[in-house]
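See below for the structure under consideration.
Counting begins at 1 with the first residue of the sequence.
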Amino acid sequence: MPIGIDLPLIWTGIIAFAVFMYVLMDGFDLGVGILFPFAPSEEDRDVMMNTVAPVWDGNETWLILGGAGLFGAFPLAYAVVLPAMYLPILLMLIALIFRGVAFEFRFKAGPRDRRLWTAAFALGSIFATFAQGLVLGGFIQGIRVEGRDFAGGILDWLSPFSVMTGLGLIAGYALVGAAWLVWKTEGLLQDWAFRLARLLLFAVLFFIVLVSLWTPLFNDAVAERWFSWPNILYFSPVPVVTLLLAVWMLRSLNRFDEVLPFFQSVGLFLLSYLGLAISLWPNLIPPSITLWEAAAPPETQIFLLVGVGTLLPVIVGYTAFTYYVFRGKVRRAAGYH
């Protein structure tokens, strides 16, 4: 390994990027599904589904990349986190399957069966999101490890904190989904999305504050990280910028800006992601196993890095091209314009 190259750090950046891209891209189409039952009309549901139809399948590429990267570059983390989170991960996969099947079948179903597939799409989106929140909450609160093995129980992830993070992620994805609909729709559906986005912004801020206060209470290391001197001086810009961004987003929604709210909601996710990284760094398996301890041998990481270095630009390229092609608004009975 060349001197000065920290392979585990590089791989942490790659996996963090893949996970954030998944949260961003699959987040807004899961958010559209969460909002699905509350749409003003069946025709509006068709428009909502058409806004994500060209991109939803490719969005999940990032989940596969993140999982495969964790398996290859940090096998210890994969071997510990997976058994610790079997049940919520299984719930997420089942929900995503239901959602995918409903996506394809709803377009071809008659009026009676369409209601069934509408419910399946909405419930699949809600449960997939909630399961991801359970995994996140269980991960933040820590995983019991003895030696190199998971030493906890099958329900260790289940707690009031993980349930709260599940509900918070539902609110977060719904906010990004509403902002996406503001950008991609028009007329009464867009007006409805504007109203929802304002309400969801306050819900998301509530959960951000709740997580930010709750996490240090049960984790002394996190409290020390954020509130000791001079760390409190270095990290205080994160909550301050989060608040300013939320105020800016509310102003944009009140001015009926069509594009900015989506990117502002993404910014809120990015700042929350940064706050999580600050809280847990450098542990890849909280509370005590660092990314260097969990890393695969350098030879394995270099071999995988060659493949990812070739594959990642291709994924970014075709993703950008897809979003460029389908950059317009979606209209009733006309699709993308």
Side-chain angles (χ1 to χ4, degrees), residues 19-40 44-63 91-92 95-96 98-100 102-103 106 118-136 165-185 189-208 211 245-246 249-250 252-253 258-273 319 323 326 329-330:
V19 171
F20 180 74
M21 291 298 288
Y22 172 77
V23 168
L24 164 61
M25 294 187 168
D26 210 35
F28 73 74
D29 70 58
L30 283 168
V32 169
I34 292 167
L35 300 175
F36 215 57
F38 312 105
D44 289 324
R45 292 190 186 96
D46 293 339
V47 174
M48 291 168 67
M49 190 168 274
N50 283 333
T51 65
V52 298
V55 297
W56 75 276
D57 224 355
N59 290 343
E60 293 176 359
T61 303
W62 297 103
L63 179 63
L91 173 62
M92 179 188 73
L96 289 175
F98 260 89
R99 182 174 176 273
F103 202 106
R106 185 180 176 277
T118 292
F121 181 69
L123 290 174
S125 301
I126 292 169
F127 278 102
T129 302
F130 185 63
Q132 290 175 22
L134 291 175
V135 171
L136 175 63
T165 55
L167 295 175
L169 197 60
I170 289 174
Y173 280 1
L175 174 63
V176 182
W180 172 261
L181 293 175
V182 163
W183 185 9
K184 290 294 181 177
T185 63
L189 179 57
Q190 187 189 57
D191 293 339
W192 173 78
F194 267 118
R195 292 193 299 272
L196 267 183
R198 293 187 193 98
L199 295 174
L200 289 166
L201 175 59
F202 287 105
V204 168
L205 287 176
F206 168 76
F207 281 111
I208 289 176
V211 171
L245 182 59
M249 183 175 180
L250 184 61
S252 297
L253 290 170
E258 295 185 346
V259 179
L260 267 180
F262 178 76
F263 293 100
Q264 290 161 337
S265 65
V266 170
L268 288 175
F269 264 95
L270 181 59
L271 288 168
S272 300
Y273 200 57
T319 300
Y323 280 87
F326 297 99
K329 286 188 174 289
V330 178

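Note that CG of Leu270 and CZ of Phe20 are 4.5 Å apart. Values are rounded to the nearest 0.5 Å. To the nearest 0.5 Å, atom CE of residue Met92 and atom CG of residue Leu134 are 11.5 Å apart. Going from atom CG of Leu205 over to atom CG of Leu200 covers 11.0 Å, rounded to the nearest 0.5 Å. Atom CD of Gln132 and atom CD1 of Ile170 lie 10.5 Å apart (nearest 0.5 Å). Atom CG of residue Leu271 and atom CD1 of residue Ile208 lie 8.0 Å apart, to the nearest 0.5 angstrom.
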Output, in order, the C-alpha distance, side-chain angles, deciding distance and verdict of side-chain contact (heavy atoms from CB on, under 4.5 Å) for Trp192 and Asp44. CA-CA 10 Å; Trp192 173 78; Asp44 289 324; over 6 Å; no

Please assess Phe28 against Val266 for the test side-chain contact (heavy atoms from CB on, under 4.5 Å), listing each intermediate value before the final yes or no. CA-CA 9 Å; Phe28 73 74; Val266 170; over 6 Å; no

May I have the step-by-step check of side-chain contact (heavy atoms from CB on, under 4.5 Å) for Arg99 and Leu30, ending in yes or no? CA-CA 9 Å; Arg99 182 174 176 273; Leu30 283 168; 3.5 Å; yes

Chi angles and distances behind the side-chain contact (heavy atoms from CB on, under 4.5 Å) call for Thr129, Ile34: CA-CA 9 Å; Thr129 302; Ile34 292 167; 3.7 Å; yes

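Counting heavy atoms from C-beta on, the side chains of Leu201 and Met249 come closer than 4.5 Å. Contact of the Phe121 side chain with the Met48 side chain is not registered, since no non-hydrogen atoms from C-beta on lie closer than 4.5 Å. By the 4.5 Å heavy-atom criterion applied to side chains, Val176 and Phe262 are counted as neighbours. Between Tyr173 and Phe269 the shortest side-chain heavy-atom distance falls below 4.5 Å. You'll find the side chain of Leu123 stays beyond 4.5 Å of the side chain of Phe98, heavy atoms only. Inter-residue side-chain proximity for Tyr273 and Val19 is flagged as met; some heavy-atom pair is nearer than 4.5 Å. You'll find the side chain of Leu268 reaches within 4.5 Å of the side chain of Leu175, heavy atoms only. With contacts defined as side-chain heavy-atom distances shorter than 4.5 Å, the pair Trp180/Asp29 does not qualify.
Smallest separation of non-hydrogen atoms from Ala120 and Ala102: CB-CB, 3.8 Å. Among all heavy-atom pairs drawn from Pro261 and Ser252, the shortest one is CG-CB, 4.2 Å. Here the shortest heavy-atom pairing between Leu189 and Pro40 reads CD1-CD, 4.2 Å. Nearest heavy-atom pair across Ser265 and Ala179 is OG-CB, 3.9 Å.
The backbone N or O of Pro37 lies less than 3.5 Å from a partner atom in the side chain of Arg45, making a donor-acceptor pair. A donor-acceptor contact shorter than 3.5 Å links the side chain of Gln190 to the backbone of Val182. Checked by atom type and distance alone, the side chain of Lys184 never pairs as donor or acceptor with a backbone atom of Lys329 at under 3.5 Å.
Atom CZ of Phe103 sits in a crowded spot, with more than 12 heavy atoms from other residues, nucleotides or ligands closer than 6.0 Å. Dense packing is recorded around CZ of Phe207, with more than 12 heavy atoms of other residues, nucleotides or ligands lying under 6.0 Å away. Within 6.0 Å of CZ on Phe202 lie no more than 12 heavy atoms contributed by other residues, nucleotides or ligands.
The only option from Val32, Leu196, Val47 that meets the side-chain contact (heavy atoms from CB on, under 4.5 Å) definition with Leu181 turns out to be Val32. Tested against Gln264, the residues Val259, Leu253, Leu250, Leu245 include a single side-chain contact (heavy atoms from CB on, under 4.5 Å) partner, Leu245.
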